[in-house]
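A short worksheet on the structure shown next.
If you're wondering where the values come from, they're calculated on a predicted model, not measured in any experiment.
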Amino acid sequence: MGVNHATSGAAVWFAATAALPSFGTDAYPLSAAGVLSGAVVCAGAALLPDADHHSGTISHSVPVVGKLVARTIEDASGGHRHGFHTILAGALVTLLAVLVGRFVVPVPGLGSTPLGPAIATVGLIAFAVKARELVRTWTAAWGIGIAAAAAVVLFAPDNATWFPIAVGLGFLTHIAGDLLTIEGVPSPTWPVQITPPKVWARTPGLNAIWKRNGYISVPVLGHAGSWRETILGSLLGLYCVYAVIVVVARAAGMPLTMLG
């Protein structure tokens with residue numbers, strides 16, 4: 001469900017930015033503002049694969065246009081949980097995010113300003129806050145998106161790689177979440193959909209993992225929207241709250257003895 005996709009996207013971003021320094025890389029935002037803005041961008045990007053669903057969160061984002069875009073993507077990709085729920089789609093969206101991330105313009109008083117990420121952030125954050133039901137109306141969601149975009153302009157890291165990493169992680173996190181449901185996702189080799197041998201397809205248990213139509217699944221959550229998914233989403237939400245507290249506390253110079 002959209003709310004849990006958004007939550008898992010933010011959780012993965014917090015986990016990734018906490019772990020990446022251990023690998024000696026600088027491909028992550030160092031500032032607290034960068035970590036927090038990246039988390040919300042990642043949460044919004046985790047809703048992107050459902051742009052192929054005419055009733056999804058994104059389809060309701062803009063009157064008429066939202067449904068038109070969602071219907072177009074749905075038809076072009078073969079329907080919900082088809083082409084837009086694949087590793088190939090994730091790679092293409094990440095490549096597009098790389099190009100958007102390079103759209104930087106000089107602004108008097110601000111220097112080089114990441115205008116591309118700021119514009120994209122408006123939509124991604126609007127999707128995220130609406131999916132989390134933090135606001136009731138799309139007008140409020142877009143207002144928050146614009147405010148967040150302004151924050152990106154002011155506080156985003158100089159390293160341009162943070163934006164495509166956040167978008168790519170969010171997109172793939174969505175696919176991983178759907179993989180954990182009974183419905184599953186297309187084969188990693190899509191558009192070549194490899195179907196299992198007849199023996200596999202007839203074997204109980206195995207045919208739930210690699211389905212007759214070539215979809216794969218690790219159905220530990222059951223159907224989408226199950227109580228197990230709700231529990232997992234709640235736990236990830238608590239982790240996000242903890243991560244926000246840690247990031248803000250570190251930025252304020254507060255001791256983290258009790259937080260780890």
Where is the tightest heavy-atom contact between [X] and [Y], given as atom of each residue plus distance?
X      : Y      : result
Leu172 : Gly90  : CD2-CA, 4.5 Å
His85  : Pro186 : O-CD, 3.5 Å
Asn4   : Gly233 : OD1-CA, 3.3 Å
Ala97  : Pro164 : CB-CA, 3.7 Å
Tyr239 : Ala11  : CE2-O, 3.4 Å
Gly214 : Pro196 : N-CD, 4.4 Å

| Does the side chain of Leu36 reach to within under 4.5 Å of the side chain of Val247, using non-hydrogen atoms? |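 The answer is yes, as the side chains (C-beta and beyond) meet within the 4.5 Å cut-off.
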| Flag side-chain contact, heavy atom, 4.5 Å: Ser217 against Ile209 | no
From [X] atom [atom1] to [Y] atom [atom2], the distance as rounded to the nearest 0.5 Å:
X      : Y      : atom1 : atom2 : answer
Trp13  : Ile165 : CH2   : CD1   : 6.0 Å
Cys240 : Leu235 : SG    : CG    : 11.0 Å
Glu229 : Ile231 : CD    : CD1   : 11.0 Å
Thr121 : Phe163 : OG1   : CZ    : 5.0 Å
Leu179 : Tyr215 : CG    : OH    : 12.5 Å
Leu96  : Leu48  : CG    : CG    : 10.0 Å

| message | As a quick check of understanding, evaluate side chain to side chain contact (heavy atoms under 4.5 Å, CB included) for Ile175 and Asp178, giving each step before the final call. | response | CA-CA 5 Å; Ile175 296 174; Asp178 283 351; 5.8 Å; no
Counting N and O atoms only, with roles assigned by atom type, does the side chain of [X] sit under 3.5 Å from a partner on the main chain of [Y], one being a donor and the other an acceptor?
X      : Y      : answer
Arg212 : Thr195 : no
Gln193 : Ser187 : yes
Thr86  : Ala89  : yes
Thr173 : Leu169 : yes
Lys211 : Val185 : no

[X]-[Y] co-clustered via ILVMFWY side chain contacts under 4.5 Å:
X      : Y      : value
Trp210 : Ile182 : no
Leu99  : Val122 : no
Leu180 : Leu206 : yes
Val244 : Leu238 : no
Val98  : Leu88  : no

| Phe14: ring pair (Phe, Tyr, Trp, His ring centres under 6.0 Å) partners, not counting sequence neighbours |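 Per chain and number, Phe14 pairs via ring pair (Phe, Tyr, Trp, His ring centres under 6.0 Å) with no residue.
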| message | List the residues meeting side chain to side chain donor-acceptor pair (under 3.5 Å) with Thr181, not counting sequence neighbours, and say none if there are none. | response | Arg81, Glu183
| request: For the residue pair His174 and His5, categorise the inter-ring angle as parallel (less than 30°), tilted (30 to 60°) or perpendicular (more than 60°). | output: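 Plane angle under 30°, so parallel.
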| request: List the steps, then state whether side chain to side chain contact (heavy atoms under 4.5 Å, CB included) holds for Leu221 with Leu232. | output: CA-CA 9 Å; Leu221 296 181; Leu232 177 60; 4.0 Å; yes
| query | With sequence neighbours excluded, what pairs up with Pro188 under the side-chain contact (heavy atoms from CB on, under 4.5 Å) test? | reply | Ile87, Ile216
